[in-house]
**Student:** 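Take this structure, written in structure tokens, and hold onto it; I'll ask about it next.
FYI, the numbering just counts along the sequence from 1. As the structure is a prediction and not an experimental result, all values here were calculated from the model.
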Amino acid sequence: MKINDKNKKNNANNNSISKDILEDEEANLPIAISGLLLIGFLILSIIVLNTAIEEREENNQIISSNQFQYVMNDYMRNIPLIEGEALKELGEEVIKNKRPCSDSKSDLKEIIDEKLSYKNQEYWDNYKIQVNSSLIDIENVSDPFSYKFKVYVSSGKGDYSFENVVCDDVDCIGLKDPVPLLYCKGYHGLELNDTSYEYGNSLSELLRRNGVVNWSCYINASSPLIIRKCPYDPYKHHGDDGGLVMKNCRDNGYYHESRDGACYLCRLEGKCGCEHYGFETFINPHKTNETGLASACGSDHVIFSDDVYPGVEVIYNNESIGGDSAYEILYLDPHGHKVKYGMGDY
């Protein structure tokens, strides 16, 4: 009986222990589940955070790349402006000093490279982008009033870099023509205003010394200072409307394409003709009531050359001043410029 009582007690104790353990496990289960959920949340948070960081870094790289490209595009937009400024400055320098360039392209390269150097320093100071650039070539193109400038550009910032040859067309429209000044500077009477040369006795004296017939026809002559491209194309239309088209052309001082005339860079070197496709304008004799004369052909590349050939009288306008006729005249060679500009019947 004692043994049985003892066993019953042991069984009761074991049942009590098992019941306690079961109750403890049931109590710890929510805690375990909560812990697992917390660990899962932490892992998920870490994954999401890492993804966000990676996306942010990627976005920052895209933004930085776009910013770098934007800055370099802005830099390249400045290059043709620099080239145009340099072309103008060189022309102004030639006129100011009354001295032609010995090598206009070389002089332009020096001016442009200096301007690019200042611009490169500006982009370093503002954007911390290292830019190197220099002019490598200037080409004559089919348009005689324009040039193709080629500039080598390389740049870098961190992982980003840029390298290219930038080509821009830059024209000489609106710039000053130095040729008349360079040829007549040694003769008295030449004056410049905002739009034209007024020769006084300078051109007629130059022609007299070169043995030109009727050199006095060019006393008080004038010609354009500012290069403007003639809009009348084809040029034979200058003879239309009884000479009024030619009058408008001369009143505005237009320049015309010419295989015999000099391009702008060669004009800066004191040349009135060159091997390039260039342009020409006309020297306007003073208005006169005297007709029936012949003198030097008034195209600038003729009148300032060593081989001055004659022109015949072309009256393209007739005005009445104080009851007297005042004729506007050009002297053009009969088989060349006269035909080119549609003045064959004048």
Side-chain angles (χ1 to χ4, degrees), residues 144-145 173 177 179-180 184 193-204 206-207 212-261 272-273 278-305 308-346:
F145 296 92
I173 304 297
D177 182 1
V179 164
C184 294
N193 57 39
D194 292 338
T195 60
S196 65
Y197 285 100
E198 303 297 332
Y199 289 95
N201 292 320
S202 61
L203 179 57
S204 57
L206 171 66
L207 296 176
V212 172
V213 175
N214 294 326
W215 50 267
S216 60
C217 292
Y218 285 97
I219 294 175
N220 294 326
S222 64
S223 70
L225 171 65
I226 307 300
I227 297 171
R228 298 185 179 94
K229 188 175 181 179
C230 183
Y232 299 114
D233 187 19
Y235 294 151
K236 64 181 181 180
H237 289 306
H238 283 68
D240 293 352
D241 296 332
L244 291 179
V245 174
M246 177 62 86
K247 175 173 172 53
N248 183 266
C249 175
R250 299 318 315 132
D251 288 347
N252 285 282
Y254 290 137
Y255 282 70
H256 311 84
E257 296 184 16
S258 171
R259 296 193 178 279
D260 298 314
C272 56
F279 47 82
E280 66 182 354
T281 192
F282 292 107
I283 310 297
N284 304 317
H286 62 276
K287 295 179 182 180
T288 181
N289 57 10
E290 186 178 5
T291 62
L293 300 176
S295 187
C297 176
S299 176
D300 65 341
H301 69 80
V302 176
I303 211 164
F304 292 123
S305 73
V308 182
Y309 51 81
V312 296
E313 179 183 84
V314 175
I315 302 174
Y316 61 89
N317 188 50
N318 181 9
E319 298 177 353
S320 178
I321 301 177
D324 295 328
S325 292
Y327 300 103
E328 291 185 275
I329 295 173
L330 285 176
Y331 295 101
L332 305 178
D333 50 305
H335 303 295
H337 291 93
K338 229 184 148 180
V339 174
K340 177 179 178 179
Y341 292 96
M343 308 298 289
D345 295 332
Y346 287 77

**Student:** In terms of side-chain heavy atoms, does Tyr232 have a donor or acceptor partner in Asn248 at a distance below 3.5 Å?
**Tutor:**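 Side chains of Tyr232 and Asn248: pair found under 3.5 Å.
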**Student:** Could you give me the CA-CA distance, side-chain angles and deciding distance for Asp300 and Cys272, then say whether side chain to side chain contact (heavy atoms under 4.5 Å, CB included) is met?
**Tutor:** CA-CA 7 Å; Asp300 65 341; Cys272 56; over 6 Å; no
**Student:** Report the distance from atom CG of Asn252 to atom SG of Cys230, rounding to the nearest 0.5 Å.
**Tutor:**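 Here the interatomic distance stands at 9.0 Å.
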**Student:** Working to the nearest 0.5 angstrom, can you tell me the gap between Tyr331 OH and Ile303 CD1?
**Tutor:**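 So the OH of Tyr331 and the CD1 of Ile303 are separated by 10.5 Å.
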**Student:** Is the distance from the ring center of His238 to that of His337 below 6.0 Å?
**Tutor:**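 Between His337 and His238, which both carry aromatic rings, the centre distance is not below 6.0 Å.
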**Student:** Could you tell me the separation between the NZ atom of Lys229 and the OH atom of Tyr255, rounded to the nearest 0.5 Å?
**Tutor:**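 The NZ atom of Lys229 sits 15.0 Å away from the OH atom of Tyr255.
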**Student:** Contact between Lys340 and Pro234 at the side-chain level, heavy atoms closer than 4.5 Å - yes or no?
**Tutor:**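 Not touching, per the 4.5 Å side-chain cut-off.
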**Student:** I need the Met246 CE to Asn317 CG distance, nearest 0.5 Å.
**Tutor:**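 These two atoms lie 11.5 Å from each other.
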**Student:** Within a reach of under 6.0 Å around CG of Asp345, are more than 12 heavy atoms found that belong to other residues, nucleotides or ligands?
**Tutor:**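 No - once you tally the heavy atoms of other residues, nucleotides and ligands closer than 6.0 Å, there are 12 at most.
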**Student:** Kindly determine whether Leu330 and Met343 satisfy side chain to side chain contact (heavy atoms under 4.5 Å, CB included), including the steps that lead there.
**Tutor:** CA-CA 10 Å; Leu330 285 176; Met343 308 298 289; over 6 Å; no
**Student:** Any side-chain to backbone donor/acceptor pair from Ser223 onto Ser196? Under 3.5 Å, distance only.
**Tutor:**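 No; judged by distance alone, with no hydrogens or angles, the pair does not exist.
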**Student:** Apply salt bridge (Lys or Arg N to Asp or Glu O under 4.0 Å) to residues Glu328 and Lys247 and explain how you reach the verdict.
**Tutor:** CA-CA 8 Å; Glu328 291 185 275; Lys247 175 173 172 53; 3.0 Å; yes
**Student:** State yes or no: are the ring centers of Phe282 and Tyr341 separated by less than 6.0 Å?
**Tutor:**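 Here the rings of Tyr341 and Phe282 have centres that are less than 6.0 Å from each other.
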**Student:** Does the ring centre of Tyr199 sit less than 6.0 Å away from the ring centre of Tyr218?
**Tutor:**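 No, ring centres 6.0 Å or more apart.
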**Student:** Under the side chain to side chain contact (heavy atoms under 4.5 Å, CB included) rule, what do Glu313 and Tyr327 come out as? Steps first, then yes or no, please.
**Tutor:** CA-CA 11 Å; Glu313 179 183 84; Tyr327 300 103; over 6 Å; no
**Student:** If you measure from OG on Ser299 to NE2 on His256, what distance do you get to the nearest 0.5 Å?
**Tutor:**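 Output value for this atom pair is 10.0 Å.
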